[in-house]
Structures are given as C-alpha cells and as structure tokens.
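Read through the structure below, which is laid out as structure tokens, and then see the notes.
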2 protein chains.
Amino acid sequence: MKKIPPVKYMRDFYPELMRQRLEIESAWRAVSERAGFEPWDAPIVEHLDLFTRKSGEEIVTQLYTLTDRGDRELAIRPEMTPSLARLITQRQSALPRPIKWYCSARMCRYERGQRGRLREFWQWNIDLLGVADVTADAEVMSVALDGLEEFGLGPADVALRLNSRDLLAALLGALGIPEEHHAAVYAVTDKRGKVPDETLTKLYEELGLDKATLEKLLAVMSCSTLEELDRAARGAGLVGFEAEVEKLQRLIGYLEALGKGDYVVFDIGIVRGLAYYTGPVFEIFDRNAELRAICGGGRYDRLMETMGGQPMPAVGFGMGDVVLGELLTEKGLWGTAPANVVAQAVPLADERIADAMRLVASLRAGGMMADYVMKSGGLGKVLKRAGESGVRWVIFVGGDEWDSGQVRVKELATGEERLVGTDGKELLALIAKTAL
Amino acid sequence: MKKIPPVKYMRDFYPELMRQRLEIESAWRAVSERAGFEPWDAPIVEHLDLFTRKSGEEIVTQLYTLTDRGDRELAIRPEMTPSLARLITQRQSALPRPIKWYCSARMCRYERGQRGRLREFWQWNIDLLGVADVTADAEVMSVALDGLEEFGLGPADVALRLNSRDLLAALLGALGIPEEHHAAVYAVTDKRGKVPDETLTKLYEELGLDKATLEKLLAVMSCSTLEELDRAARGAGLVGFEAEVEKLQRLIGYLEALGKGDYVVFDIGIVRGLAYYTGPVFEIFDRNAELRAICGGGRYDRLMETMGGQPMPAVGFGMGDVVLGELLTEKGLWGTAPANVVAQAVPLADERIADAMRLVASLRAGGMMADYVMKSGGLGKVLKRAGESGVRWVIFVGGDEWDSGQVRVKELATGEERLVGTDGKELLALIAKTAL
C-alpha cells in the first residue's frame with residue numbers, strides 16, 4: 001500500500017528536531033515568566049472575520065480557511081494578535097493593568113515555501129497592554145532580546161532596528177504631505193535596504209511630490225542615525241517632529257538602562273507593513289543580515305477599538321521559531337542533548353523480566369530516567385546499543401548474584417562494576433553520589 | 001464595532017486556565033522522559049486520506065476538513081496515530097528498536113459538545129513499537145498510570161480496565177462464531193456497563209446465534225474476573241483460548257512488578273471500537289465512573305502495514321486533557337499557583353524609572369522573576385496591587401536613600417524594611433537567603 005506524504009512545507013518533528021523545538025519553547029517560557037508575563041492561548045481555529053477585520057481581505061490568500069459542519073467560516077490562525085484582541089476585549093474591564101501576556105503558539109500560513117518561511121511554525125508573542133508610555137515599549141523589546149540572550153546570542157550577533165510610525169507621520173506632516181498619502185511613502189520606505197539606494201530614490205521621485213518637498217524628503221529619509229535625522233529635519237526647516245525624536249531618545253535610554261543599548265540601531269526603513277502600528281516599531285536581525293527578521297513588533301494603540309473594545313494602549317512582538325532555529329544552527333548554539341536514559345536494567349533470563357521492571361519502577365519513583373530491556377538475551381547487542389544511546393548505568397538482573405540477593409551494576413564510562421541490593425535503594429544512592 | 005466570539009466548544013486560555021494546561025503538559029513530559037520515551041510531533045494538518053485510510057470514511061463527519069490553495073484535501077488532525085504511522089513508516093529501517101515515543105498534541109474533532117468533550121483538546125500519546133511481547137503493553141500502561149500518580153491520583157481514585165481483543169477472538173472462535181461476525185459481537189460487548197444487563201442480554205440474543213452458542217456466550221460474557229472467565233469457558237467446553245488467558249495473566253503480573261497491580265480490573269466490556277486493535281486493550285476510569293474514560297489504548301500490530309510500511313508490533317495510548325482536568329478539579333489536585341513576581345521595583349519619581357529598570361535587569365539576569373511599575377506615583381494603589389498579586393519584595397527606587405547610594409526594600413509578608421545597594425547584587429543575596 002502506498003505511503004502518504006506529509007503536507008508540503010510543514011515539518012515532521014522526529015525526536016531530534018522536536019528536542020530543538022522544545023528547547024526554543026522552554027527558553028521563551030522561562031524568559032517571559034522571569035519578566036512577569038503570564039501565559040495564554042486561544043483555539044487554533046477562529047472565525048474567519050476575526051482575521052479579515054484586522055488585516056483586510058488580502059490576508060485570505062495566506063489563510064487555511066474551512067467551513068465547519070455548522071456552516072461557520074473558520075480559519076487556522078496565521079498570527080495571534082486578533083485572538084489576543086478578542087480575549088482582552090471580552091474581559092477588558094476585569095483585567096488588572098498593565099496586562100502582561102505571552103504565548104508560544106502554533107500557526108499556519110499558506111505561503112510560498114522558501115528559506116526561513118514554512119507553512120506551519122511557532123511564534124513567541126509578548127504583549128503589554130494598558131501603558132501608553134515608552135517604558136512599555138522598552139520592556140517588550142528588552143524581553144525579546146532576553147529571549148535571544150538565553151541562547152547565548154549577543155550584540156555582536158543581532159541588532160534591534162528601531163523606528164517610529166509617529167515620527168514618520170510627524171515628518172511627513174511637517175513636509176506638508178497629507179495623511180492619505182503617507183501609506184504610499186511608507187510603502188517605498190519599507191523597501192529601504194532591500195533595493196539599491198538609486199532605486200529607492202527613483203521610487204520616492206515617482207510619488208509625484210513637488211521638487212522642493214521631494215528634496216527634503218530624500219534628505220530626511222537617507223539618515224542613518226536619529227541625531228543625523230534630527231539635524232537634517234531641522235536643516236530642512238521642518239517643525240513639529242521634535243517630541244517624537246525625544247520620545248525615541250527616551251526609549252533608547254530605557255533600553256540602555258535595561259542593558260540592551262548595544263543592540264539598538266535606528267533605521268528609518270523599519271515600517272512594519274502599512275496599517276496596524278501606531279508608534280515605535282522594531283525588527284531584530286542577525287548582524288550579517290542574511291536571514292529574514294528574527295522578530296518584529298511595535299506599538300498598536302488602536303487595535304482594541306477595531307475589535308469592538310475600549311481604547312487601550314498596547315505594544316508587542318512576534319518571534320518565529322524557523323529563522324531563530326536557522327540562526328542557532330549557524331552559530332552552533334543549540335544546547336540540546338538528548339535526555340539520556342541514565343539507568344537501564346537488563347534481565348538475564350525471561351523469568352527476571354518482572355524483577356527488572358520492579359527495579360526500574362523504584363528508580364523512576366526516585367525521579368531517575370530509567371528503562372529496561374524487554375526480553376533477555378543478545379547481551380552484546382544490548383550493551384552496544386546502551387553505549388551508543390548514552391546510557392550511564394547498566395544493571396544486570398539475574399545470574400548468580402541474584403540468588404544471593406544482589407544485582408550487578410556496570411558504569412559504562414569506566415567499566416567499573418559493583419554489587420548492590422535488588423530493591424533499587426542502594427542503586428539510587430550510588431548513582432546520585434557519582435552522577436554529578 | 002461588534003465583538004467576534006470564540007469558536008464554539010473551544011477554549012480561550014486566559015492565564016489561569018493556561019497554567020493548568022501547562023501543568024498537565026509538563027507532567028506528561030516529565031513522566032514520559034523519565035521512562036525513556038522521546039518527544040515527537042507532526043503538522044496540525046495532514047492529507048485527508050491519511051485519516052480515512054486508518055479509520056474509514058465515517059471519520060470524515062468528525063473532521064475539520066479543508067482544501068488548500070494548491071487544491072490539496074487536508075484535515076486538522078483528530079488523533080495522532082495516523083501521523084505516528086506516517087513518520088515511522090517513512091524511516092522504518094533507520095529507527096533503532098524499540099521505538100519509544102511520546103507526544104503532547106493539540107487536535108480538533110467536530111463533535112457534539114458536552115461534558116468532557118470539546119472540539120479542541122490536548123492528548124498525551126505514548127507509543128512503543130517493535131516489541132511483540134506483553135512486556136511492552138505493561139510498560140505503556142504503567143506510564144499512563146505514572147502520569148496520573150504525578151498529580152497525586154492513586155488506585156483509590158482510578159482503575160485500569162483491561163481486556164484483550166485476542167482473547168475475545170479466541171473465545172468467539174472456540175464458540176464456532178465465524179470471524180466475519182466477531183465485529184457484531186464486539187459492538188454489543190462494547191455496550192457492557194453502558195446499558196442495563198437485560199438490554200445487553202437482549203442485544204446478544206438479537207445476534208441470531210443458535211440457542212446453545214448463545215447460552216455459552218452469555219456465560220462467558222457475564223464474567224467479571226479473568227479467573228471466573230477461565231472457569232466459565234472451560235465449563236462451557238471451550239478450547240484454544242488458554243494461551244490468551246495466560247498472556248493476560250503474565251501482563252497483569254508485569255503490571256504488579258511495576259507497582260500498578262492495585263489499579264487493574266479485568267473488564268470483558270473493554271473493546272475499544274471495532275477495528276484497529278489487535279491484542280490487549282485498556283481504558284482508565286475514575287472509580288466513581290462518573291466521567292468518560294481518562295485514557296484508552298492497546299495493541300495495534302497491523303497498522304504499519306495498512307500505512308504502507310513493514311509489519312511492526314505496536315502498543316500505545318492516548319490521554320486527553322479535558323476529562324483529566326475535570327477529575328483534578330473534582331479532587332482538588334491542581335498544583336498550579338500563579339508563578340508570582342518575586343520582586344517589583346517602584347520608581348518614586350519619573351527620573352528614577354530608568355534606574356528601576358537597571359535594577360530589574362540585574363535581578364532578571366540573576367534568574368529572578370522581577371518586574372517594575374511603569375510610572376511613578378499612586379504608591380498606595382501600587383502596594384495594594386503588589387500585595388494582591390503575590391509580590392514578595394517591593395523595592396523603592398528614589399527618595400533620600402537614593403541620594404546616599406541605596407534603595408529601600410520591603411518584604412511584604414513581614415513589613416520589614418532594609419536598605420541595600422543600588423546595583424541589585426546585595427538584593428539578590430538578601431532574597432536568596434530569605435526566600436526559601
């Protein structure tokens with residue numbers, strides 16, 4: 001009979017790969033909890049209109065949609081923010097502020113499969129709601145970086161590219177560009193660093209601005225530090241953007257206080273899509289910038305209203321497991337060792353199988369990873385396999401020593417053998433003494 | 001704007017509920033790893049025919065099916081065994097035996113919502129492949145019970161109801177009932193304990209067996225221990241079933257060796273559906289038998305062939321989170337306490353916010369759960385909230401002591417206050433000393 005293949009661009013988690021996924025998820029959880037974020041989750045399917053309401057109809061091309069037997073139009077979640085908004089708005093008045101939530105969530109997007117982009121992936125989301133000030137933005141970005149430091153990544157490996165949608169809006173306003181044209185400018189700005197500078201200039205020119213405005217825009221948009229931008233904007237005679245520069249400077253100051261100053265790079269090209277974000281936005285990249293963004297996020301103060309809730313300031317990020325995993329592989333930073341069976345009982349005759357089980361049950365009850373070979377015989381092969389799979393102690397159950405009330409224990413690393421009682425107590429003590 | 005509701009019969013995991021789910025999943029992982037099982041997972045969607053091939057077309061009414069943009073017919077997984085078979089058969093010759101795998105997996109079934117039955121749930125799966133003997137069955141059942149003991153459940157709370165499909169087949173064969181009619185007998189037997197005994201008798205009568213056969217069948221099927229069954233079958237002159245009784249007895253002996261003897265109840269009514277299982281089968285119930293089965297499993301030696309692989313003996317179980325969660329609530333066995341923020345820094349003026357952050361960053365780097373209030377002011381409210389949410393140490397950043405290079409630390413439980421240095425080191429030591 002023919003075998004059935006896995007779904008395209010999705011991963012089968014054989015134990016080795018699964019241990020890596022668990023390592024990532026466990027780091028995300030530890031870092032989130034340490035910073036006082038609480039875990040949450042939502043169903044893997046939601047009503048389709050939850051996603052179209054936040055992201056517009058175009059998102060549907062990326063969705064796995066389905067109709068259930070009750071004729072409900074559903075979709076597998078492609079992101080967590082709509083569900084987050086749903087949960088928050090359902091209990092908005094009852095939840096104490098600030099709301100600090102995290103999740104480590106499975107999601108699906110129907111995308112063209114390519115490096116760093118799969119159709120099923122995991123995402124770490126951190127969201128902080130109820131705080132309008134950049135203290136919250138700093139906390140969220142700091143936790144994202146904590147999540148990378150947990151794996152040994154540092155400022156030499158990754159950079160946090162920071163910008164502000166409010167700052168962009170203030171600059172465009174000062175340039176006299178009406179709000180309905182901002183999205184077009186953002187769309188071009190979003191290409192910064194992805195296309196050659198000349199192409200970018202050409203794209204700005206094609207926006208149909210008058211020559212004087214275009215010149216000023218280009219002067220501002222070519223800056224690569226916040227200070228440079230501040231000077232260029234003042235030099236171009238722009239006003240009304242200064243408060244936004246100060247806000248970003250204060251945010252950077254807070255990131256320094258949180259020990260994350262060395263990661264921060266101002267990048268006016270970070271725009272994060274066209275709608276949704278309202279304030280500071282950021283992406284984290286590897287310094288070689290060979291991979292897609294590891295993490296992206298920012299402030300989204302208007303979402304709760306869109307979802308039928310009360311106004312509520314909010315800031316958050318999403319970090320995917322695929323790009324992070326590639327980076328960890330590249331840098332050799334996986335900490336994953338298979339969780340080895342510490343002790344393996346080997347029955348020397350079939351009538352000793354139950355005795356081997358008895359011994360193993362007492363080892364497990366003592367918190368030890370223990371296992372037994374399920375039949376007697378083939379001792380050479382059993383020992384070979386035990387050695388290969390990292391077993392540290394082999395316990396021979398049976399033989400002459402059994403008749404005298406003992407079992408023989410062999411420490412595979414040293415070859416040393418000892419006799420201990422058959423009830424596991426002496427063995428537990430022995431292993432505890434020499435294991436560390 | 002209108003709020004969008006959650007999908008029917010699926011759960012929103014607000015932090016409190018999420019901590020319970022994480023407690024369950026973490027117990028499952030710990031128990032599995034301790035017994036030497038390795039973690040695995042598969043995509044949440046699979047090709048539809050993977051499920052219909054194992055379970056027949058009728059499963060489709062329970063499936064969330066979808067067609068992706070590449071016109072593939074997919075389904076959200078309702079169980080893990082088909083995916084398990086897919087992964088195993090893909091690498092069957094390369095995987096060292098025995099294969100001991102576990103997963104803790106999210107799945108969806110479109111079912112009528114009712115107590116203990118939701119449309120999205122989590123399931124712990126343990127599978128042991130490559131061992132034909134009942135040593136493997138014993139190991140798998142023992143791990144299922146370990147999983148319940150991990151929560152403090154014991155033989156007074158739950159029972160493992162055990163039967164054997166091979167034993168049933170041997171008995172029916174000895175009764176002269178041809179194999180093609182076995183399924184009909186199983187279907188009636190499956191109703192044992194769910195309908196009154198008279199109804200059950202009537203159902204057996206309706207099978208169209210001759211009077212003598214029916215009488216023997218009823219004599220056998222009314223037994224409530226393995227010994228009783230053995231006697232009744234011998235008394236009815238049946239032969240050829242004895243090896244199966246012995247096999248079950250040996251299995252029970254192994255369960256006793258593994259310390260699980262007190263859980264075991266022989267129950268000829270445990271049939272586990274109509275196809276798929278080939279040997280010993282079991283279900284775990286609460287002793288009050290008010291809830292649905294907590295866990296069910298058994299031997300399925302023919303699945304790998306059905307899925308295009310080589311023959312391979314296999315045994316496993318699935319345990320859902322919903323019924324288990326109800327039982328834990330009923331018995332008051334949740335261990336979950338919110339993971340409290342241990343230390344919270346409170347800036348006494350806005351210009352001390354960055355200093356509070358600096359302090360918190362060093363506490364987190366020391367592995368402590370630490371947090372800071374994101375603005376100054378409202379001290380009464382801040383202390384009230386800290387007390388309510390279980391914060392143990394409040395650190396006041398600012399004021400006179402700041403000018404002399406110190407911060408004031410208050411232990412909320414005792415009200416005791418102390419002055420320590422501003423860099424967090426002294427504080428970490430203080431908390432470590434008094435925390436446990």
Side-chain angles (χ1 to χ4, degrees), chain A residues 1-4 6-7 10-15 18-19 22 33-36 38-47 49-50 64-66 68-69 74 86-87 89 96 98 106 110 120 131 133 135-136 253-254 257-259 306-308 339 341 353-354 357-358 361 364 369 371 374-375 385, chain B residues 1-4 6-7 10-15 18-19 22 33-36 38-47 49-50 64-66 68-69 74 86-87 89 96 98 106 110 120 131 133 135-136 253-254 257-259 306-308 339 341 353-354 357-358 361 364 369 371 374-375 385:
Chain A
M1 196 166 264
K2 228 186 100 235
K3 291 181 190 171
I4 297 166
V7 174
M10 295 191 180
R11 287 166 289 177
D12 283 341
F13 288 88
Y14 286 89
M18 186 64 190
R19 289 206 186 279
L22 290 175
E33 296 276 345
R34 217 154 65 212
E38 295 187 278
W40 72 283
D41 195 5
I44 190 113
V45 291
E46 293 272 11
H47 289 284
D49 54 0
L50 185 71
Y64 284 89
T65 55
L66 58 152
D68 78 6
R69 306 182 77 79
L74 307 178
R86 190 171 60 64
L87 267 70
T89 54
R106 177 195 285 261
Y110 191 86
E120 186 193 41
V131 179
D133 191 64
T135 42
Y254 287 149
L258 287 161
T306 317
M307 291 299 188
V341 168
I353 291 176
M357 287 175 167
R358 209 167 278 124
R364 287 180 188 166
M369 273 187 67
D371 198 6
M374 303 216 163
K375 54 183 181 190
R385 168 97 201 268
Chain B
M1 196 166 263
K2 230 184 98 235
K3 291 181 191 173
I4 298 166
V7 174
M10 295 193 178
R11 287 166 289 177
D12 283 341
F13 289 89
Y14 286 89
M18 187 63 191
R19 290 208 185 277
L22 291 174
E33 295 276 345
R34 215 152 68 211
E38 294 187 280
W40 73 283
D41 195 7
I44 189 111
V45 292
E46 293 272 11
H47 289 284
D49 55 359
L50 186 71
Y64 284 88
T65 55
L66 58 153
D68 78 6
R69 306 183 76 80
L74 308 177
R86 189 170 61 64
L87 265 70
T89 54
R106 178 196 285 261
Y110 191 86
E120 186 191 42
V131 179
D133 192 64
T135 43
Y254 287 150
L258 286 162
T306 317
M307 291 296 189
V341 168
I353 291 176
M357 287 175 166
R358 208 167 280 124
R364 286 180 188 166
M369 272 187 68
D371 197 6
M374 301 215 163
K375 55 182 182 190
R385 169 98 200 266

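Residue numbers start from 1 in every chain, and the chains themselves are labelled A, B, ... in the order their sequence lines are given, proteins ahead of strands. Keep in mind that what you see is a predicted model, and the values were worked out from it rather than measured.
Summarising the geometry, atom OG1 belonging to A/T135 is positioned 9.0 Å from atom NZ belonging to B/K375; distances are rounded to the nearest 0.5 Å. One distance of note links CZ of A/R34 with CG of B/D371; it measures 13.5 Å at 0.5 Å rounding. Atom CZ of residue B/R364 and atom CG of residue A/L258 lie 7.0 Å apart, to the nearest 0.5 angstrom. For the atom pair CD1 (B/I44) and CD (A/E120), the distance works out to 6.5 Å, reported to the nearest 0.5 Å. Between A/D68 atom CG and B/L66 atom CG the span is 12.0 Å, to the nearest 0.5 Å.
Of all heavy-atom pairs spanning A/V7 and B/V45, the tightest one is CG2-O, 3.4 Å.
Between B/D41 and A/R106 there is a salt bridge, since at least one side-chain N of the basic residue sits less than 4.0 Å from a carboxylate O of the acidic one.
Residues B/P43 and A/R11 have side chains not in contact (no heavy-atom distance under 4.5 Å, counting atoms from C-beta outward).
Legend: residues meeting side chain to side chain contact (heavy atoms under 4.5 Å, CB included) with B/E38, ordered by chain and number and at least two apart, are A/P15, A/R19, B/W101. For the ring pair (Phe, Tyr, Trp, His ring centres under 6.0 Å) test, residues two or more places apart in sequence or in another chain that qualify with A/Y64 are A/Y110.
Considering only heavy-atom pairs separated by less than 4.5 Å from chain A, the leading option among B/M10, B/M18, B/M307 is B/M18. Of the residues considered (B/M374, B/E46, B/K2), B/M374 shows the highest number of contacts with chain A, using heavy-atom pairs under 4.5 Å. Comparing B/G36, B/G259, B/P96, B/P98 by how many heavy-atom pairs each has under 4.5 Å with chain A, the most go to B/P96. Here A/L87 is the residue among A/L50, A/L87, A/T89, A/D49 with the most heavy-atom pairs under 4.5 Å with chain B. Heavy-atom pairs under 4.5 Å with chain A were tallied for B/A136, B/G308, B/A42, B/A257; the largest tally goes to B/A257. Between chain B and the options A/D133, A/T306, A/L22, A/L74, the largest number of non-hydrogen pairs under 4.5 Å is found for A/L22.
Side chain of A/Y14 to main chain of B/W40: no donor-acceptor pair is present (N/O by atom type, distance under 3.5 Å, no hydrogens or angles). Side chain of A/K3 to backbone of B/R86: no donor-acceptor contact under 3.5 angstrom is found.
Interface remark: A/R69 contributes backbone and side-chain atoms alike to the contact with chain B (heavy atom separation under 4.5 Å). With a threshold of 4.5 angstrom between heavy atoms, B/V131 approaches chain A through side-chain atoms but not through N, CA, C or O.
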